[in-house]
Trainee: 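Let me give you the structure first, and then I'll get to my questions.
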Amino acid sequence: MVKEYKTITQVAGPLIFVEKTEPVGYGEFVSIRLADGSIKRGEVLDTSEDVVVVQVYEGTGGLNKDCAVTFTGESLKLPASIDLLGRILSGSGQPRDGGPQIIPEKMMDIYGASMNPYSRAQPNEFIQTGISTIDGTNTLVRGQKLPIFSGAGLPHMEIALQIARQAQVPGSSEKFAVVFAAMGITNEEAQYAMEDFEKTGALERAVVFLNLADDPAVERLITPKMALTAAEYLAYEHDMHVLVILTDVTNYCEALRQMGAAREEVPARRGYPGYMYTDLASIYERAGVIKGNKGSVTQIPILTMPGDDITHPIPDLSGYITEGQIVVSRELHRKGIYPPINVLPSLSRLMGSGIGNGKTREDHKAVSDQLYAGYAEGRDLRGLVAIVGKDALSERDKKILEFADLFEDKFTRQGRSENRSIEDTLAVGWNILSSLPKTYLGRIDNKYIDKYYPEKPAE
Amino acid sequence: MEVKGKGKVYRVAGPVVTVVDLDTKMFDVVKVGHEGLMGEVIKIVGNKSVIQVYEETSGIKPGEPVENTGLPLSVELGPGLLESIYDGIQRPLQVLRDEMGDFIKRGVSADGLSHSKLWEFKACVKKGDVVKPGDVIGTVQETANIEHRIMVPPNVAGGEVAEIKSGEFTVADVVCTLKDGTELKLSHKWPVRMPRPVSKKLAPEIPLITGQRVLDALFPVAKGGTAAIPGPFGSGKTVTQQQLAKWSDANIVVYIGCGERGNEMAEVLNEFPELEDPQTGRPLMERTVLIANTSNMPVAAREASVYTGITIAEYFRDMGYDIALMADSTSRWAEAMREISSRLEEMPGEEGYPAYLSARLAEFYERGGLAVSLCGAKGSITVIGAVSPAGGDFSEPVTQNTLRIVKVFWALDSKLSQRRHFPAINWLNSYTLYMDTLAPWYTDNVAPDWNELREKAMATLQLESELLEIVQLVGSDALPEFQQITLETARMIREIFLQQNSFHPVDTYCSFDKQYKLLKSITRWNELAERYLADGAPIKALVAMTSKAELGKIRFEENFDELLVGVMDRMEAEFAEIGSGGY
């Protein structure tokens, strides 16, 4: 017999305090019945003999002391099933597309367990996204977590959708799925994403969790966990390669801060809770590949940097957990370049293990390093030109300066549906490198220069 | 473990559990709940004890039983440590996987050392000998190159040996009995928060050779020294730490992955068994102990992982070995302290970190050093801590408190890493305080003029940064020609000497001999270029020399020495040609 308690003593923000209960487990799933019969759900945050603190996902609007609280004795679970594919669910896993409830094959704890580092396989399979600035210079591999660091008003969603559409492992025909988790994004953005999914037929192999801007903020805290549980289910029970897109992590962190404030915790930097690193890690670290398992979970979280500030706690802590970052630049966007990815602050830490002979091409690493070095130097020179003018530059510097322009125009810029193969990307790279004399290419082995340097200079 | 009293759970809030009616001392290990989750007492208030639990606490209810083992958190020390990979509280991850699958569940305890594996023990004392704490009573050949010395534990009084036997034993078998009845095994336990005693601490005197040019040549750390690597994300902290773990000439490496990425640990686990130790030719794993408490594993175990690691390092130091200990990253450790502290509702210090942050950091680094152990052997622990400053801002509390303690500072710079200058160690901001101590060693062991070359290179780099400020204003062509030579030399030092490709099979490790030759060649170019310039040779021709570009490439070749001779010959010839006006 499950007991109902009508002993709520306090309602504060998203929290309720319940007294005189039987022992309640930490993290238990709670259901709250309102006077009008509707049900809200929550989770135990703090439990003691005297009082139990419950965080209510759907917000505490309409709650009062007469509501009946039931402790289920279990943690929150996702009804996992292969039928999740093609469905649109709310941020807490309820159907949102008017379809039937999911009939679970398995009930899965949404917090998951941490993967034993010993069981992890080293991610090393190249994923071709068709975007040169990613494939060529910041390669994504299966099992990686590679966030897009963006700013308000930049086309991060378009880039993410383009990746979702185009991502493939060249020469393989394995099962592939997308899990899309929206946290606090606007209805308009959600519409845009859904339309894109429907238009390209991607929805059939996608699971969508939508927590929109006007949905309760607390619900956002479980949305990514729901999504990743679904992803793990598809990856490890159905051997699928799952790409998880989480957007927008900034909204998630705001919700986390809101909860911290409601619980009157001691804040760390800028009011965010001290455990935000651990909390974000519990999301990001769920990407990976397990030895002896066919499936994989790859994550592309999107976060908007407040004030385009990469040192803000959200991008900062994320950057320390994720395996690199793709940085979307306002400057390039203003120049009208799509995708406006600035490769200089971007990085893929797992690139080394996913490229090279047998994976992409033998010269990939060298070409990438050379492109980076040339572009970095060229951008520095732009600053110099602004002061002393072009004429004061040495011959070498002038060439490098031109190279930086070519890089943005030919390598970075591409069409919104242009799907470049890795060979195409490297060919573009060599083509713009050939605007420089061979002696400038200090990062590339002579044998690759002999083999790939195009004799016809770049146009 | 023996039970010293029972109590019950009063409150659960994340990893912090309050229990009532339990007789505890600070830092006692307790077993919480029906599942017996491991935890440690961190605060006592009246009848209540506050416990940090090393495992997930969800589902734990008030009223569940709690048992006190009465013992502090300890590690098991003995043969079998090497080649192991542990979580933060010395549970072997392989055993955990075998018992509970690919995901870490809770309530599983596992011995730090295998209790079934047999080791060949050779006694080196005999019946009637008197042994003191820390004395070696025998040895076990643990791996091909590491002889594990079995010592009388420092917390045992010692005395006359009544019985000792050689032969095959497990770590739990008694191999020696003292006259007072004390039984000694191949292994013993030691509380992690208590430094192991030594008879004397010494000042470090020889460098830890790392095979990384920028570290060995410009900013060396001594064996037994302390170093910090702070840097924003993506600047190469982990790669640098891993390079040190791979190539430094320590006998044993303890690598603590504290709150870092799981995929990175997978990479280490994949690579280390395959890589060869440059000194012995054996797999690197044979000299390595790994501790992996990734960022999503319980935060309290992360707090403990650093202590587990340093205790293991101290144990090997006591045998007389040189240990390199890498902690990646101490910031995650500090954050774990902050998290626990905030759950305890302690008054915070700077940025929410507990007020005892600096004391804890200092205590940790102080456990390193060169020392004479109780048995008279000389061993060292070099502590190298990565720091992940929030926002790459070195003024934050963890970086600042670390810098007050360590002697070597390797400042990673995201500007350098963005232009793929690796290792991205900024040569202007970094420093080492060991240079004076180590200088005689270089004169004796590398070359008599090594220190001079080094100073010249540093001076050139310093001058370059000043000249570049002028270039920013007037452009490089406006500089006097001899200064353009300086800029060119600095470029060569940066691109040929300081940059090192850790992923290239040859370039990843650079011997001192090769470092010397490279630096010497660059200096030679500089000398000749200055001389010919003075004689009227055109600057353009000097800068465009092809042998100069060749020098940059041959460091990637196996037969570097041979090729260098050719390149230097061609360089002299090119100079002669330029000098004669034949350009």
Side-chain angles (χ1 to χ4, degrees), chain A residues 23-28 46-49 75 111-123 143-144 265-269 274-275 277-278 281-282 285 288 290 311 313 316 319-321 323-325 344-345 347 350 352-353 369 372-373 376-377 384 387-388 392-394 439 442 445-446, chain B residues 10-13 18 57-63 85 93-94 96-97 102-105 233-234 259 261-263 265-267 269-270 292 294-297 299 332 335 338-339 342 345 348 351-352 388 390-393 418-420 471-478 495 503 546 549 552-553 556:
Chain A
V24 170
Y26 174 75
E28 256 181 43
D46 192 332
T47 171
S48 71
E49 288 178 359
S75 57
Y111 289 98
S114 42
M115 204 186 281
N116 188 328
Y118 194 82
S119 296
R120 278 182 190 268
Q122 191 182 356
Q144 186 174 15
E265 289 166 344
V266 178
R269 268 204 311 155
Y275 49 81
Y277 179 82
T278 309
S282 73
E285 276 292 322
I290 295 179
T311 67
D316 190 50
Y320 278 120
I321 307 165
E323 282 126 2
Q325 66 278 337
L344 296 183
L347 170 74
L350 302 182
S353 56
D369 283 351
Y372 255 105
E377 207 179 332
L384 186 56
I387 301 169
V388 299
L393 293 187
S394 67
T439 48
D445 258 353
N446 285 334
Chain B
Y10 170 76
R11 177 184 173 195
V12 188
T18 312
T57 52
S58 53
I60 304 290
K61 295 175 176 174
I85 158 156
L93 288 173
Q94 192 175 353
L96 293 187
R97 188 197 54 176
D102 294 329
F103 292 90
I104 295 183
K105 300 189 185 80
F233 61 83
R261 304 175 181 89
N263 281 337
M265 290 316 296
E267 191 182 321
L269 288 174
N270 238 5
T294 55
S295 53
N296 56 340
M297 285 158 79
V299 71
R332 303 297 157 234
E335 274 165 16
R338 173 165 77 182
E339 208 172 314
S342 130
E345 292 165 6
E351 290 194 15
S388 320
D393 170 14
Q418 283 184 15
R419 60 196 57 193
R420 295 301 185 261
V471 170
Q472 283 296 322
L473 296 174
V474 298
S476 60
D477 277 4
E495 290 183 358
F503 299 105
T546 54
K553 297 209 167 173
F556 295 110

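All of these numbers come straight from a predicted model, not from anything done at the bench. In what follows, chains carry the letters A, B, and so on, assigned in the order in which the sequence lines appear, proteins first and then strands, with residues in each chain numbered from 1.
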Trainee: Measure distances from B:Met297 to the heavy atoms of chain A and classify the residue's part below 4.5 Å as side chain, backbone, both or neither.
Mentor: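 Contact with chain A is through both the backbone and side chain of B:Met297.
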Trainee: Which region of A:Glu323, side chain (C-beta onward) or backbone (N, CA, C, O), has a non-hydrogen atom less than 4.5 Å from a non-hydrogen atom of chain B, or is it both or neither?
Mentor: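 Both parts, backbone and side chain.
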Trainee: Can the positive tip of B:Arg97 be found less than 6.0 Å from the middle of the six-membered ring of A:Tyr118, inside 45° of the ring normal?
Mentor: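 Pair B:Arg97/A:Tyr118 does not count as cation-pi.
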Trainee: Select, from B:Gly352, B:Gly259, B:Ala390, the one with the greatest count of heavy-atom pairs under 4.5 Å involving chain A.
Mentor: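 Among the listed options, the one with the most contacts to chain A is B:Ala390.
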Trainee: Given the options B:Ser295, B:Pro348, B:Ala478, which has more heavy-atom pairs under 4.5 Å with chain A than any of the others?
Mentor: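 Most heavy-atom pairs under 4.5 Å with chain A: B:Ser295.
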Trainee: Looking at B:Tyr10, B:Phe556, B:Phe103, B:Phe233, which makes the most heavy-atom pairs under 4.5 Å with chain A?
Mentor: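 Winner by heavy-atom pair count: B:Phe233.
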Trainee: Are A:Asp46 and B:Arg11 packed together at the side-chain level, in the sense that at least one heavy-atom pair is separated by less than 4.5 angstrom?
Mentor: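 When only atoms from C-beta onward are counted, B:Arg11 and A:Asp46 do touch, with a gap below 4.5 Å.
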Trainee: For B:Ile60, is it the side chain, the backbone, both or neither that has a heavy atom under 4.5 Å from a heavy atom of chain A?
Mentor: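 For B:Ile60, backbone heavy atoms alone lie under 4.5 Å from chain A.
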Trainee: Just so I know, are the side chains of B:Asn263 and A:Leu350 near enough to count as touching, which here means a heavy-atom distance under 4.5 Å?
Mentor: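 A side-chain contact exists here, since the closest heavy-atom pair is under 4.5 Å.
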Trainee: With a 4.5 angstrom heavy-atom cut-off, could you sort out which part of B:Ile104 is near chain A: side chain, backbone, both or neither?
Mentor: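 For B:Ile104, heavy atoms of backbone and side chain both lie under 4.5 Å from chain A.
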Trainee: Under a 4.5 Å heavy-atom cut-off, does chain A meet the side chain of B:Val12, its backbone, both or neither?
Mentor: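 Both parts, heavy atoms under 4.5 Å.
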Trainee: Would you say B:Glu339 and A:Tyr277 make side-chain contact, with heavy atoms under 4.5 Å?
Mentor: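 They are not in side-chain contact.
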Trainee: Please report the closest heavy-atom contact between A:Ala281 and B:Asn296, naming both atoms and the distance.
Mentor: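 Looking at all heavy atoms of both residues, the closest pair is O-CB, 3.9 Å.
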Trainee: For A:Pro267, is it the side chain, the backbone, both, or neither that has a heavy atom closer than 4.5 Å to a heavy atom of chain B?
Mentor: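 Contact with chain B is through the backbone of A:Pro267 alone.
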Trainee: Mind checking the CG-CZ spacing from B:Asp102 to A:Arg120? Nearest 0.5 Å is all I need.
Mentor: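 Those atoms lie 10.5 Å apart.
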